[in-house]
Number of protein chains: 2
Amino acid sequence: MSEMPKASKTDSKRRGAERDDAIYRAIADAVVEHRLKPGARLREDALAEVFGVSRTGIRKILQRLALEQLVTLTPRRGASVTRPTAAEAREVFEARRMVECGLIPEVVRRVTKGDIDELRELTRREVEALNSGEQSAAIKISAAFHERLAQLSGNSTLAEFVARLCSRSSLILAVYGNSGHAGCESHDHYELVQLLEEGAGERARAFMEKHLSAVESSLSIVEGADEVPDLYSIFAG
Amino acid sequence: MSEMPKASKTDSKRRGAERDDAIYRAIADAVVEHRLKPGARLREDALAEVFGVSRTGIRKILQRLALEQLVTLTPRRGASVTRPTAAEAREVFEARRMVECGLIPEVVRRVTKGDIDELRELTRREVEALNSGEQSAAIKISAAFHERLAQLSGNSTLAEFVARLCSRSSLILAVYGNSGHAGCESHDHYELVQLLEEGAGERARAFMEKHLSAVESSLSIVEGADEVPDLYSIFAG
DNA sequence: GCGGCACGATTTGTATACAATAGGCGCCAG
DNA sequence: CTGGCGCCTATTGTATACAAATCGTGCCGC
C-alpha cells in the first residue's frame, strides 16, 4: 500500500461480484497454467496488495478455490496450491472416465454443426499452442475442450463437475507428468470430434475411455517422497 | 431461539475450523431435513447471534453452502435456501443415475460383511423413522444411505459428488415432492443391499437405475409460478 | 559443541466499525 | 383519491484493527 497499491486500472474499476470473479479467474488460471505450481504458498497480504483489495476479499476467493480443491487451506498455515496425492490422481481420472464417457451418448444426440466447428477451433488452437512451445496455453485449451464437450450434454451440473475435474487434472499433470508431453495428445481430440460429427456414439465413447486412460498411464503416479509417508509403516514398530 | 442468544455451551467451546464445521452442519442439516424450506431467507445478523459468532464467520459458512448449492447468494439481497429449478432437478437425477449406477460394480467388488450390516442398520433406522412419522429424519437417513454406498466405492471424489447431489435431492423433494411420501421407498434400499450382498453387480446396477428413476417420476417436476418465467415469451413482442 | 527453551516476527483468525445500496413508507402534488 | 418522488431503515459489502498462534532464531545451560 505505498506507491503503486492497485492492480491495473481495468481491474480496479470493477465492483462487487464482478471484481471478485476477475480475481478468482486470475488465480485459477495461474494455477491451471502451471504459473503457480503445486505447493506454492499464497499469502493473503501479498495477494491483497497485488489485486488492490483487503485481505477480507482475498480470503473469500481463497475459500472458493479451496472448495474446488485448487488450493489447500491449512489452518494457521495459510493457503497453498494443492499438491494432489497419487490416490487423488487416480480418483480424478476414474471419475473423468465415468462421467465424460457417460455423457458422450447425450452429446452425440445434441451436438450441432456449430458445436463441431467450435470444438475443431479449440483443437486447432491447442495444436498451434503446442507447436509454439506454449505449454501453459495448451494445457488450458485442452481443459477447455473437455469442459466444452461436457457442456454440450446439456447437463450443467455434470458439466461443472467435469470442469472441476479438468482443473484438478492440470494440477495432477504438474505433479506427476513427465515433462515434455503435456497431457492430451491433440490428435486424439481431432479424432474424437470426427467421431462425434459422424454420430458414432459408441465408438466415440470407447475412444474417450481410451483417450483418458492413455493420458493417465502417460503419467508417473507414485507417491513423491514429500508426501506424508506413514512413518509408522516405514520404521515399523 | 429467542431468550437463549447463543448456541449450546458445547458449541461455543469449539474453536476454529471445528466450530465452523459445527455451524455448517447445523445449517446444512436444517436445510436437508426441511426445517429450513427453499426460499427461506438467512440473515447474517440473525445467524451470527444464534451461533454466537460475528458476521464474518457466518459469511464464510454461507459461501461454502452457496458453493454446494444448498443456499443461493443474491448480491445485496443476502442468502436464502436454494429453490432448485425444474431443469436443475432433472439434471441432478440424471447425474445421480450416471454416477451412482456407475459406482455399483466397484462397490460390489469391495463391499464387506461389515459394510452390509451398516447399510442394513441405516435402512432399519430409515423405516423406523418413517413409521414414527419423523419424515425429516427419514430424509436425512435416506441421503446418508446413498452417500455411504458411494463411499464404499473407495473413490472419495465421486463419493463427495454423490453426497452433494443427495443434499440437493432433498431440496428438490421439498419443492417438487408430493407430501405424503418422502423420496426413496425404503424397501428398495433393503432389496438393494440384498443384491449387493449376493454380489449380483449387474442386477444391483439395474435396480439402482430403476430406483432413482422411480423417485424422480414420483415427483411433480414442473416450473412453479414463482420461477422467473421468461416474460418475453409470455407477452411476446 | 550441542540440545533445549524462550522470545520475536510474521501470518492467519476474528470481530467490529464504517460505507453503500435496495426496499419500504410516507408525504406531497395533481 | 391516486400516482410519483424522496427520505429512511434495514441489510449486505468492505476494510481495518486487534488477538492468537506458529515458525524461525538466538541465547543459555550443560
Side-chain angles (χ1 to χ4, degrees), chain A residues 1-7 9-27 36 39-67 70-82 226 228, chain B residues 1-2 5-7 9-27 36 39-67 70-82 226 228:
Chain A
M1 331 311 197
S2 29
E3 45 280 347
M4 187 53 176
K6 296 203 190 314
K9 294 275 160 55
T10 53
D11 283 358
S12 57
K13 269 203 175 71
R14 295 175 186 275
R15 288 268 190 290
E18 198 177 337
R19 180 202 55 176
D20 281 8
D21 227 51
I23 299 175
Y24 165 81
R25 265 193 307 265
I27 300 178
L36 282 170
R41 292 190 49 176
L42 303 171
R43 282 189 6 258
E44 297 177 355
D45 273 343
L47 291 172
E49 192 174 356
V50 167
F51 292 107
V53 295
S54 76
R55 278 178 49 220
T56 308
I58 292 295
R59 286 177 74 85
K60 180 164 60 174
I61 288 157
L62 287 176
Q63 297 260 342
R64 181 170 162 193
L65 289 162
L67 244 69
L70 289 184
V71 314
T72 300
L73 251 44
T74 310
R76 301 273 173 202
R77 300 289 300 278
S80 59
V81 178
T82 299
D226 44 76
V228 281
Chain B
M1 322 299 189
S2 34
K6 295 206 190 310
K9 295 275 162 55
T10 53
D11 283 358
S12 56
K13 269 202 174 71
R14 297 176 186 277
R15 288 265 192 294
E18 198 177 336
R19 181 200 56 176
D20 283 6
D21 226 52
I23 298 174
Y24 164 81
R25 265 193 307 264
I27 300 178
L36 282 172
R41 291 192 46 178
L42 302 170
R43 285 194 359 260
E44 297 177 354
D45 274 342
L47 291 172
E49 192 175 356
V50 167
F51 291 106
V53 294
S54 77
R55 278 178 49 221
T56 307
I58 291 295
R59 287 176 73 87
K60 179 163 60 174
I61 289 156
L62 287 177
Q63 297 261 342
R64 181 170 160 193
L65 288 162
L67 247 69
L70 289 183
V71 314
T72 300
L73 251 44
T74 311
R76 301 277 174 199
R77 299 289 302 276
S80 58
V81 178
T82 298
D226 44 76
V228 281

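Within every chain, numbering begins at 1; the chains are lettered A, B, ... in the order of the sequence lines, protein sequences first and strands thereafter.
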Margin query: So for the helix from C/dG1-D/dC30 to C/dG30-D/dC1, with five pairs setting each end axis, what is the inter-axis angle to 10°?
Written below: 10°
For the atom pair [atom1] ([X]) and [atom2] ([Y]), what is the distance rounded to the nearest 0.5 Å?
| X | Y | atom1 | atom2 | result |
| --- | --- | --- | --- | --- |
| B/L47 | B/I23 | CG | CD1 | 9.0 Å |
| B/L62 | B/R55 | CG | CZ | 10.5 Å |
| A/L65 | A/L42 | CG | CG | 8.5 Å |
| A/K60 | B/Q63 | NZ | CD | 5.5 Å |

Write down the distance between [atom1] ([X]) and [atom2] ([N]), rounded to a whole number of angstrom.
| X | N | atom1 | atom2 | value |
| --- | --- | --- | --- | --- |
| A/E49 | D/dT16 | CD | P | 12 Å |
| B/L42 | D/dT11 | CG | P | 13 Å |
| A/L73 | C/dT14 | CG | P | 11 Å |
| A/R77 | D/dA21 | CZ | C1' | 11 Å |
| A/D45 | C/dT10 | CG | P | 11 Å |
| A/E18 | D/dT14 | CD | P | 12 Å |
| A/R41 | C/dT11 | CZ | C1' | 8 Å |
| B/R19 | C/dT12 | CZ | C1' | 14 Å |

Next item on the list: Identify, residue by residue, the members of residues 57-67 of chain A with a heavy atom below 4.0 Å from DNA chain D, and return them in order of residue number, or none.
Entry: A/K60
Checklist line | B/S54 side chain, from C-beta outward: closest of D/dG13, D/dT14, C/dT16 | finding: C/dT16
Check: Of the candidate nucleotides D/dT12, D/dT14, C/dG13, which contains the atom at the shortest distance from the side chain of B/R43?
Finding: D/dT12
Ignoring hydrogens, what is the shortest heavy-atom contact between [X] and [Y]? Give both atom names and the distance.
| X | Y | answer |
| --- | --- | --- |
| B/R41 | B/R77 | NH2-O, 3.6 Å |
| B/S54 | B/A48 | C-CB, 3.9 Å |
| A/P75 | A/L73 | CD-O, 3.7 Å |

Notebook entry, point to check: Would you say C/dA22 has OP1 or OP2 under 4.0 Å from some side-chain N or O of B/R76?
Noted result: no
Next item on the list: Could you say whether A/A17 or A/P75 is positioned toward the 5' end of DNA chain D, judged by the nucleotide with the nearest heavy atom to each?
Entry: A/A17
Next item on the list: Identify whether any heavy atom of A/R55 sits under 4.0 Å from a base atom; if not, whether one sits that close to sugar-phosphate; answer base, sugar-phosphate or nothing.
Entry: base
Checklist line | Comparing A/A79 and A/T56 on DNA chain C - which has the more 5′ nearest nucleotide | finding: A/A79
Next item on the list: For a side-chain contact (heavy atoms from CB on, under 4.5 Å) with B/I27, tell me which candidate from B/L70, B/V81, B/I61 qualifies.
Entry: B/I61
Next item on the list: Ignoring hydrogens and angles, state whether a donor on the side chain of A/T72 or A/T82 is under 3.5 Å from an acceptor on the partner side chain.
Entry: yes
